Amino acid sequence: MQRCIELARLGQGLVAPNPMVGAVIVYDDKIIGEGFHQRYGEAHAEVNAINAVQDKSLLKNSTIYVSLEPCSHFGKTPPCSDLIVEMGIPRVIIGCKDIHTKVSGKGIERLNKAGIDVQIGILEKKCKELNKRFFTFHERQRPYVILKWAQTKDGYLDKIRDSEEQGVNWISAPETKALVHKWRSEEQSILVGRKTVQNDNPSLTVREFSGVNPTRIIIDSQLQLSEELNIFSDDAPTIIFNRSRNEVKGMIEWIKISETNTELILEELYKRNILSVFVEGGSRTLQYFIFGNVWDEARVIVGNTLFGEGTKAPTINKVPAYSYPFSTDTVYHYFRK
């Protein structure tokens, strides 16, 4: 099952809104096939594992391990539980049940009806943690929310700026940029407020790490941002939440909401099947999520820098779960629960 989890992680950032799943087939205590869900809309882990078995006759005396309950419905692909039955695999070991209403318990029921020996709950906690985004999305009807910011040793996000000043006042080490881009590649969307776009003119893409660009989400209530800015490029789909405009133009979608609060924003993202959102700033936007208690995880980078004055960093009344040094910085991870 641990190998299933390792395999499943290879699909991170590529399979949402589906969960990450890994599968391993064992015959006579030897692995004869393994696979994972590689990309949304393509074959599931069980299919890839079965296809990897060279001698299919061995399947009738094999055990398949899978990190999540095999699906039982027709979606982008046929039901995996049907394939397991069809191939005559006599034993299935499942990490955890699927929470999706179309699957939950139905895949297990299908296998049981076919007389297959099914065991559930092997490394269950780890299997659920693997798909915390997927489980949060279906349990709470909102995306999994990760807050991220870099702050100086004296607790500032940015220096004092004049009204026209643009550009990033870097706090963290250059090497940490690659880590942040890795984090971006693992999430379905990235969110910032208007001031961050106006001040830093970010691209909000994955450039220092190999991965897929997340959907960019901008809060611009009064539509004050110039369309010459980097976030209006075709590098990634972009959603702009505002109070006056509903329109789609190329890769950009303007969504009108009655007020720019976190609840309405997350509701709209849920409707669009966005499982996770990476909130990168600025201070006011981050604080909205903290005050509203609608966050799941926070990653705070403390750079080896002092500003003396400026924009204060948000505060979380939690003890970090763990921390580690990265280049000249220190990274702190917080969890709401």
Side-chain angles (χ1 to χ4, degrees), residues 12-17 40 132-134 136-137 142-151 157-158 168 170-172 176-221 225 227 229-242 250-255 257 260 262 264-290 292 294-301 313-314 331 333-334:
Q12 188 155 21
L14 301 170
V15 301
Y40 177 67
K132 57 191 176 185
R133 296 159 183 82
F134 178 79
T136 297
F137 182 82
R142 66 161 175 81
Y144 187 85
V145 178
I146 301 171
L147 310 180
K148 171 263 162 186
W149 70 86
Q151 67 180 59
L157 284 186
D158 201 0
V168 181
W170 288 105
I171 292 170
S172 54
T176 310
K177 195 174 178 183
L179 174 65
V180 172
H181 284 212
K182 176 182 181 291
W183 289 344
R184 286 179 181 179
S185 75
E186 293 168 350
E187 308 310 328
Q188 235 182 315
S189 67
I190 180 170
L191 183 149
V192 296
R194 174 185 62 82
K195 285 290 287 266
T196 297
V197 176
Q198 199 168 281
N199 289 343
D200 299 347
N201 191 19
S203 296
L204 303 180
T205 54
V206 176
R207 302 180 302 284
E208 307 286 329
F209 189 82
S210 176
V212 176
N213 290 330
T215 295
R216 299 178 291 206
I217 299 160
I218 316 299
I219 303 171
D220 183 15
S221 302
L225 294 172
E227 292 191 25
L229 291 163
N230 291 334
I231 57 107
F232 288 93
S233 72
D234 288 337
D235 293 331
T238 303
I239 292 170
I240 299 171
F241 284 109
N242 68 93
M251 301 275 279
I252 316 293
E253 182 180 7
W254 288 265
I255 298 174
I257 51 178
T260 45
T262 53
L264 286 175
I265 287 166
L266 293 177
E267 193 177 294
E268 288 293 334
L269 298 183
Y270 175 77
K271 286 179 193 172
R272 285 160 175 76
N273 256 351
I274 291 177
L275 260 60
S276 65
V277 57
F278 194 58
V279 184
E280 280 212 41
S283 179
R284 193 175 171 191
T285 302
L286 288 160
Q287 210 71 67
Y288 277 144
F289 281 90
I290 295 167
V294 282
W295 62 282
D296 299 286
E297 194 177 324
R299 301 170 188 175
V300 181
I301 299 162
V331 182
H333 282 246
Y334 298 80

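Predicted model only: the values in this text are computed from it and were never measured.
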Could you pull out all residues at least two apart from Asn230 that satisfy side chain to side chain contact (heavy atoms under 4.5 Å, CB included)? Asn201, Ser203
Residues two or more places apart in sequence or in another chain: which of them pass ring pair (Phe, Tyr, Trp, His ring centres under 6.0 Å) with Phe134? His138
Nearest heavy-atom approach of Ile231 to Pro202 is CG2-O, 3.4 Å
For the backbone of Ala236 and the side chain of Asn213, can you confirm whether one donor and one acceptor N or O come within less than 3.5 Å of each other? no
Side-chain heavy-atom pair Thr136, Pro143 within 4.5 angstrom cut-off: no
Please examine the side chains of Glu297 and Ile146, heavy atoms only from C-beta on, and report whether any two atoms are closer than 4.5 Å. yes
Is it the case that more than 12 heavy atoms not belonging to Arg207 sit under 6.0 Å from its CZ atom? yes
Trp295 CH2 to Tyr144 OH distance, which is reported to the nearest 0.5 Å: 9.5 Å
How close do Leu266 and Val145 get, heavy atom to heavy atom, and via which atoms? CD2-CG2, 4.0 Å
In this structure, which one of Ile190, Val300, Leu286, Ile301 forms a side chain to side chain contact (heavy atoms under 4.5 Å, CB included) with Lys148? Ile301
Tell me the salt bridge (charged side-chain N to carboxylate O under 4.0 Å, His left out) pairs involving residues 180-189, sequence neighbours left out? Arg133-Glu187, Lys182-Glu186, Arg184-Glu280
Leu157 and Pro314, any side-chain heavy atoms less than 4.5 Å apart: yes
Pairwise distance CD1(Ile255) to CD1(Ile217) - rounded to 0.5 angstrom: 8.5 Å
Side chain to side chain, Ile218 and Leu204, heavy atoms closer than 4.5 Å: yes
Can you tell me if Thr262 and Arg142 form a side-chain donor-acceptor pair at under 3.5 Å? no
Give the minimum heavy-atom separation between His333 and Trp183, together with the two atoms involved. NE2-CZ2, 4.1 Å
Within a strict 4.5 Å, meaning less than it, do heavy atoms of the Ile239 and Arg272 side chains meet? yes
Below 4.5 Å, heavy atoms only, C-beta onward: do Pro237 and Met251 meet side chain to side chain? yes
Value for CZ (Arg194) from CG (Asp220), rounded to nearest 0.5 Å, stands at 6.5 Å
If you measure from OG1 on Thr196 to CH2 on Trp149, what distance do you get to the nearest 0.5 Å? 13.0 Å
Measuring from atom OG1 of Thr285 to atom CD1 of Ile219, what distance do you get when rounded to the nearest 0.5 angstrom? 4.5 Å
So how far is it from Ser276 OG to Leu191 CG, rounded to the nearest 0.5 Å? 11.5 Å
Non-hydrogen side-chain atoms of Arg216 and Val192 separated by less than 4.5 Å: no
Is there a side-chain contact between Leu269 and Thr215 (heavy atoms, below 4.5 Å)? no
I need the minimum non-hydrogen distance between Ile171 and Ala150, along with the two atoms involved. CD1-O, 3.5 Å
How are the rings of Phe137 and Tyr270 set relative to one another: parallel (under 30°), tilted (30 to 60°) or perpendicular (over 60°)? tilted
